[in-house]
Amino acid sequence: KELANKIAHFARFPQTGVSLRQMVEFGQNPSQGTLLRAAQFLHDELPIRLAHRVVELDSLPDNLNQMPSVLRVKRMYIDSFNELINFPKVSERIREAVKEATVQGSTQRKHLSGNNHNPSLPDHSSNNSNSLAAAAAAAGNGGRSISSHWIPSIQHRYHYEVKPTELPVEVSEYNRSFVKTLEKIKRRHDPVVTTLAQGVVEYKQLLKTKTIDHPVQHFLDRFYLSRIGIRMLIGQQIELNQQQQHKDYVGVICTHTKISDVVQEAIDNARFICGDYYMLMNTPEIELHCPKDLEFMYVPSHLHHMVFELLKNSLRAVVELYGDEAESYPPIKVVIAEGNEDITIKVSDEGGGIPRSAMEQVWTYMYTTAQTPMLDPEFDKSDFKAPLAGFGYGLPLSRLYARYFGGDLKLISMEGYGTDAYLHLSRLSDNEEPLA
Ligand code: W6P
């Protein structure tokens, strides 16, 4: 009961989005002090996001909220919430030490601040604690509109230059310990997508229906989008705390992602999987047309996942249309265009297209297979006998990955001919995370 109250309390605070640019600027050559500040932000922000998800899981319609698998997922979120709010706050002494080493109002990063809120907000970083409880108590009823006032966007509370020198050893100890907790949480949530997918199956059996209605679809979109964000933030913190940083990487973000390299890798993998699955003598060719040396800032694993997913769909369509014994297939064409706003990747196949009436279903979380680990992009690396998934979770999840950094994914189909998929990736890395 007490826990339920805490969750309800945290769920009243608005979530705080972070942009790709902020993640990069924050994570460049971070000192232990900067990492501590990031930890403080996550220590505040993650419980809020988790609490929002618990509340949403609780309010699912049609007794979906009572499904065993939904309850299991909720339990994971509650457990992680609990771990985070029980994780010790940064002690006064350490906070003072970091503050001591902190150059306030740093010029180098100033341009980051003040884009979306009142710069005259008080600075709470020097408060007695980073505690939401204190803020909420001061705010009185803790309602959304009031609490949001108490949670300035992260750059104000957490964005400081921290001189790398002269920090007590407790700072790095705290960081290490917090990372341990994050790793545990991340691992705990690995099976969320497959578990919820199972819940959807149970739900459809219960209601004797083949479709899922709009509210549920909408819930899943938000839920998975939120999961992407949480895992991104956690992944960043874990990576940034690693001893050695890879060249051109800030956490899992690559500041010079060579698009053609990542796409070529996806092409090779998709063709291999396809040939393996259908036992083909010759797998359809995939042509890549890409401006030479095109680079941008992105998360290569996300990019690979999305393109790989599109290519699998195209390959499947082509092979199923022409049969697995065909001597040759019309090639799939990948065109990459560089604009000011977007980098767009078009994947065109001549696999017969999709009937217009089926276009909506492509984006629904309807079809699940027995090999559910494949539903989760993070299981792509596993050595499962990979099914060449049809309309599984691949497309809707890929669209969420695209949207997470301000992009999108669209399909245009000519029934009787083929399908074009447009993957738009925003080059304006200032987009804040979309938050459910
Ligand atoms: C199809 C169906 C589809 C979905 C996504 C991407 C490409 C394609 N091609 O026939």
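For ligands, and for the atoms within them, numbers begin at 1 and follow the listed sequence.
- Residue Asp349 has at least one heavy-atom neighbour below 4.0 Å for each of these atoms of ligand 1: 1 (C), 7 (C), 8 (C), 9 (N).
- Ring-plane geometry between Phe223 and Tyr77 is classed as tilted, the angle between the planes lying from 30 to 60 degrees on a 0 to 90 degree scale.
- Counting atoms of ligand 1 from 1 in the listed order, those under 4.0 Å from a heavy atom of Leu395 are 4 (C), 5 (C).
- Residue pairs meeting the ring pair (Phe, Tyr, Trp, His ring centres under 6.0 Å) criterion with at least one partner in residues 248-268, sequence neighbours excluded, do not occur; the list is empty.
- Residues Arg53 and Glu56 are paired through a salt bridge, judged by an N-O separation under 4.0 Å between the basic side chain and the carboxylate.
- The closest non-hydrogen atom to atom 10 (O) of ligand 1, taken over Gly352, Ser398, Ala317, comes from Ala317.
- At a heavy-atom cutoff of 4.0 Å, ligand 1 is contacted by no atom of Val362, backbone or side chain.
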Using a 3.5 Å cut-off and no angle test, enumerate the donor-acceptor pairs between side-chain atoms of residues 319-334 and protein atoms at least two apart in sequence or in another chain.
{"from": "Glu320", "atom 1": "OE2", "to": "Tyr278", "atom 2": "OH", "distance (Å)": "2.7"}
{"from": "Tyr329", "atom 1": "OH", "to": "Gly323", "atom 2": "O", "distance (Å)": "2.8"}

